[in-house]
Amino acid sequence: MASSLAGPVRVRFAPSPTGYLHVGGARTAIYNELLRASLGGAFVLRIEDTDRERSDPAMTRQIQQALEWLGVRWDEGPFLQSERLQRHRARVDELVEQGRAYACFCTPERLAPLRDAAVRAGRTFRYPRTCLELPAAEAARHRERGTPFVVRLRMPDAEVRFADLVRGEVAFAAEVLDDFVLLRSDGTPTYHLSVVVDDVDMGVSLVLRGEDHLSNTPKHLRLFEALGAPVPRFGHLPLILGADKKRLSKRTGATSVEEFRAQGILPEALYNYLALLGWSPGDDREILSREEMVAAFSVERLGGSASVFDVEKLLWMNGQYLWALPPDELRARLEPFLAEAGLAEYRGNPRLAAAAALHQVRARTLRELAAQLRPYFHDVAWDDEASRKYLAKEPRLPELLAELGRGYATAEPFAVELLEAALRQLAEQQGVKAGALIHPTRMALSGSTAGPPLFDLVALMGRETAVRRLAAYVEALRRL
RNA sequence: GGCCCCAUCGUCUAGUCAGGUCCAGGACACCGCCCUUUCAAGGCGGCGACACGGGUUCGAAUCCCGUUGGGGCUACCA
């Protein structure tokens, strides 16, 4: 299977800026970074923006930011492929001079029927090499007339075989490989040309990329050879699937790093989760620091089969990281989420920090956590259905809560022990269970049936808010 | 259609390269119990898989072949 690796490597991540950074791309970047960190060498970031139509410069910046946020660090770049077009063309000229590539005057319109015929006949289409055998005179005539042409690589008529780092031996028969286009008729380089020339120039010694490139690899290998460059090692990672087992798409949920960030996923959690989607340290560890991952990482431990992106597990893992955050860190991470919870003005508020600590273990994302903090600062809506149940159980509830409110209005100090004692004493005097008061009180103050220990909540909320909401809730109960 | 890749609990995976220690281990989810004023967190337990069929072998999750299923590629896109 996978062969072992040693020594420094030069790896790269080469996204195209046609959209936000996809989690699949992010995972590829992570593995490249881990590989580079465990073996030494360099990690190059290159932006494949040769498709002018679909590339967006804003996305280039966006992708960099997403990588930085995720905590993926690269050593060199970002290099923009679009700035290297002259270089790509120059290398094609060399190949043509050496007879390793040739001009082809066949139009797509001419080739299309041939391709269809091949498919119908159950064969792989190969360019028939019409122009390879073109008499010199005819070629010259085309040149004079200025006939548009592409440049094709002349593929050796031999099988291509290579040892994929994650899949083992892979072979492609000569018959399925054709003389693919290096230079388009408008003179721009194709993806295949650009990637290989850049990998050569950037000294890339190991290419770890998505499985969608596996079929391109024989072409690339031949190009490396034609360019007289050392051939890097290749490894192809399986794709990430959605819950429907199809390629992860927006239809099935969030797909970009940006979206997870906006949902309040912590970067270290996403990194950890993605790293484990297709790789395992070999033991039962699941929560690993970057250092632990670097120490345990090896290309042999990469899996070869596609994995389903499981949001539930990501959320669990995010919870693990969230709960472990020290107070200062938690406050800082929460800040970007305050605005959407209507808490922007409470930034730095000590009550907010205390509430965050109280709810930390009850939320799985920063967004959830921020939302839970709202009742400490804004009025709440009560759940009528739950309220009716409380009332059905204890018809005297309005009077009891009113009495509790009066007690809390004068409780001194307004602190957990006293608040609890007061409520329990009232319950005992009135012959009701403490729970019969505790749950409605929680509803009165927080609008929820769930939450932190009640007296922590009351103490933190403060006398003024607690007494006011209790009174308002009593009125609401009477109106039910 | 052709070519290539993949196949262990619902999901992520360990085990597969060096066949026996695997009536298959861990995690998420789910269910139950404990803790508990609720919800979480935590602890304990449960449910749950080697896709199928042949072969090789004393012995196969592990090796080989086939079938089935899934995925990728099949552009003058990247």
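By convention in this document, chain letters (A, B, ...) are assigned in the order of the sequence lines, proteins followed by strands, and residues within each chain are numbered from 1.
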Taking the C1' atom in each of B:U21 and B:C39, what is the distance between them to the nearest angstrom? 45 Å

From C-beta outward on A:D212, which listed nucleotide comes closest to its side chain: B:A27, B:A40, B:G72? B:G72

What about A:R362: does its side chain form a donor-acceptor pair under 3.5 Å with the base of B:C39? yes

Contact class for A:V181 (heavy atom, under 4.0 Å): base, sugar-phosphate, or nothing? sugar-phosphate

Looking across every strand, which nucleic acid part, if any, lies under 4.0 Å from A:V176 by heavy atom: base, sugar-phosphate, or nothing? sugar-phosphate

Would you classify A:N216 as touching base, sugar-phosphate or nothing, given that sugar-phosphate means primed atoms plus P, OP1 and OP2, and contacts are heavy atoms under 4.0 Å? base

Classify A:S215 by what it touches in the nucleic acid, base, sugar-phosphate, or nothing, heavy-atom distance under 4.0 Å. base

Of all the choices, B:A29, B:A78, B:C76, which nucleotide is nearest to the side chain of A:W316 once you look at every atom? B:A29

Expressed in whole Å, how much space separates the C1' atoms belonging to B:C23 and B:G48? 15 Å

For A:R123 and B:G2, give me the distance from atom CZ to atom C1', rounded to whole Å. 10 Å

Base partner of B:C73, which must satisfy Watson-Crick or wobble distances under 3.5 Å: B:G2

Say you pick atom P in B:G69 and the same atom in B:C33; how far apart are they, in whole Å? 44 Å

Find the distance A:D178:CG to B:C73:P and express it as a whole number of Å. 17 Å

For B:C73, take OP1 and OP2 only and decide whether either is under 4.0 Å from a side-chain N or O of A:R247. yes

Taking atom P in both B:U62 and B:C6, what distance in whole Å separates the two? 15 Å

At under 4.0 Å between heavy atoms, what does A:P452 touch on the DNA or RNA strands: base, sugar-phosphate, or nothing? base

Whom does B:A40 pair with, Watson-Crick or G-U wobble, provided both distances fall under 3.5 Å? none

Students often get this wrong, so: under 4.0 angstrom with heavy atoms, is A:P218 touching a base, only sugar-phosphate, or nothing? nothing

Can you confirm whether more than 12 heavy atoms, excluding those of A:Q429, are under 6.0 Å from its CD atom? yes

By nearest-heavy-atom nucleotide on RNA chain B, the more 5' of A:F172 and A:S280 is A:F172

A:R115 has a side chain; which of B:G26, B:A75, B:A29 sits nearest to it? B:A75

Test item: A:R123 side-chain N/O and A:A118 main-chain N/O as donor-acceptor pair under 3.5 Å: no

Distance, rounded to the nearest Å, where A:D456 contributes CG and B:A40 contributes P: 18 Å

Look at all strands and tell whether A:H213 reaches a base, only sugar-phosphate, or nothing, counting heavy atoms closer than 4.0 Å. base

So, is A:T50 near the phosphate of B:A78, with a side-chain N or O under 4.0 Å from OP1 or OP2? yes

Side-chain atoms of A:D284 come closest, of B:G2, B:A41, B:G25, to B:G25

How far, in whole Å, is B:C35 from B:G42 if one measures between their C1' atoms? 8 Å

Select base, sugar-phosphate, or nothing to describe what A:A171 touches, counting heavy atoms under 4.0 Å on all strands. sugar-phosphate

By the 4.0 Å heavy-atom rule, please label A:S307 as base, sugar-phosphate, or nothing. sugar-phosphate

Rounded to the nearest Å, what distance is computed from the CD atom of residue A:E286 to the C1' atom of nucleotide B:G26? 7 Å

Without swapping roles, check the side chain of A:D49 against the backbone of A:S55 for a donor-acceptor pair under 3.5 Å. no

May I ask which nucleotide in the shown strands pairs with B:C30, Watson-Crick or G-U wobble, both distances under 3.5 Å? B:G46

Given B:G71, B:C76, B:C3, which nucleotide is nearest the side-chain atoms of A:L239? B:G71

Do A:H192 and A:H220 make the cut of ring centroids closer than 6.0 angstrom? yes

Ring center gap for A:F180 and A:Y127 short of 6.0 angstrom: no

Among the candidates B:C5, B:A14, B:G10, find the nucleotide nearest to the side-chain atoms of A:R301. B:A14

When all nucleic acid strands are considered with a 4.0 Å heavy-atom cut-off, which category describes A:P108: base, sugar-phosphate, or nothing? base

When the C1' atoms of B:U67 and B:G26 are considered, how many whole Å apart are they? 33 Å

Examine the base of B:A29 for any acceptor or donor lying under 3.5 Å from a partner atom in the side chain of A:K313, and report the outcome as yes or no. no

For A:R84, does the CZ atom sit with more than 12 other heavy atoms under 6.0 Å from it, leaving out its own atoms? yes

Take atom P in B:G32 and the same atom in B:C47, then report the distance between them in whole Å. 15 Å

Whole-Å distance between B:U37 P and A:L404 CG? 17 Å

A:G210 near the nucleic acid: base, sugar-phosphate alone, or nothing, with a heavy-atom cut-off under 4.0 Å? nothing

For the pair made of CG in A:L21 and P in B:A78, what is the distance, rounded to whole Å? 20 Å

Hey, does the side chain of A:S16 reach the backbone of A:T18 with a donor-acceptor pair shorter than 3.5 angstrom? no

Choosing from B:C5, B:A41, B:U11, which nucleotide comes nearest the side chain of A:E211? B:C5

Distance flag, aromatic centroids of A:F309 and A:F260, threshold under 6.0 Å: yes

With a 4.0 Å cut-off on heavy atoms, is A:L454 in touch with a base, just the backbone sugar-phosphate, or nothing at all? base

Any donor-acceptor N/O pair, A:Y473 side chain to A:T441 backbone, under 3.5 Å: no

Nearest to the side chain of A:S16, which nucleotide is it out of B:G1, B:A78, B:A27? B:A78

Quick one: does A:T124 reach the base of B:C3 with a side-chain donor-acceptor pair under 3.5 Å? no

Between B:U37 (P) and A:L419 (CG): distance, integer Å: 16 Å

Around atom CD of A:E292, are there more than 12 heavy atoms from other residues, nucleotides or ligands closer than 6.0 Å? yes

Paired nucleotide for B:U68 [Watson-Crick or G-U wobble; both distances under 3.5 Å]: B:A7

Could you tell me how far B:U57 sits from B:A14 if I compare only their C1' atoms? Round to whole Å. 25 Å

Counting only heavy atoms and a strict 4.0 angstrom limit, can you tell me which residues of residues 429-441 of chain A come near RNA chain B? A:I438, A:H439

Counting distance only, does the side-chain N/O of A:Y31 pair as donor-acceptor with the main-chain N or O of A:A275 below 3.5 Å? yes

If each of A:A173 and A:H192 is mapped to the nucleotide of RNA chain B with the nearest heavy atom, which maps nearer the 5' terminus, i.e. the 5' end? A:A173

With the side chain of A:K245 defined as its heavy atoms from C-beta on, choose the nearest nucleotide among B:U11, B:C6, B:U37. B:U11

Paired with B:C58 by Watson-Crick or G-U wobble geometry, both distances under 3.5 Å: which nucleotide is it? B:G20

Just compare B:A78, B:G42, B:A27 and give me whichever is closest to any side-chain atom of A:Q320. B:G42

I need the NE2-P distance between A:H236 and B:C6, as an integer number of Å. 12 Å

Would you say A:H88 and A:D198 are linked by a side-chain donor-acceptor pair, where the criterion is simply a distance under 3.5 Å? yes

